[in-house]
Amino acid sequence: MRPGRTLTRAAGEVTYDSSATGTNVMNASGGTVSYPNGAFNLENMAAHGGWIASAADLARFELIFDRPSAS
């Protein structure tokens, strides 16, 4: 698991397709771009999402919360 990036895809990361558009927040151009290509700043979302993971990695992470505590 690792934080995602708005304009740089990780090796093996899927591509995102969206018809939704917005103002480019990644530079001062003010141009209109699709959401996955700069209409939001994924780097600012690491604390509440914005992570990428394989299905297996996500399942391993979620298992942490299903195990009984060692107290």
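Predicted model, so just to flag it, every value in this text is computed and none were measured.
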Please collect all salt bridge (charged side-chain N to carboxylate O under 4.0 Å, His left out) contacts where either partner lies in residues 13-25, sequence neighbours excluded, each pair once.
-> none

Rounded to the nearest 0.5 Å, how far apart are CG of L42 and CZ of R5?
-> 9.5 Å

Interatomic distance, OG1@T32 vs CG@N37, rounded to 0.5 Å, equals 13.0 Å

With hydrophobic residues grouped by side-chain heavy-atom distances under 4.5 Å, do L58 and L63 end up in a single group?
-> no

Minimum heavy-atom distance S18-S34, with the two atoms named = O-CB, 3.9 Å

Determine whether M45 and Y35 fall in the same hydrophobic cluster, where Ile, Leu, Val, Met, Phe, Trp and Tyr are linked whenever their side-chain heavy atoms lie under 4.5 Å apart.
-> yes

Looking only at non-hydrogen atoms, find the nearest pair between M1 and F61 and report the distance.
-> SD-CB, 3.6 Å

Evaluate whether atom OH of Y16 has more than 12 neighbouring non-hydrogen atoms of other residues, nucleotides or ligands under 6.0 angstrom away.
-> yes

Under 3.5 Å donor-acceptor, T6 side chain and G38 backbone = no

Might you confirm whether atom CZ of R9 has over 12 heavy atoms from other residues, nucleotides or ligands at distances under 6.0 Å?
-> yes

Smallest heavy-atom separation, R2 atom then A11 atom, equals NH2-O, 3.7 Å

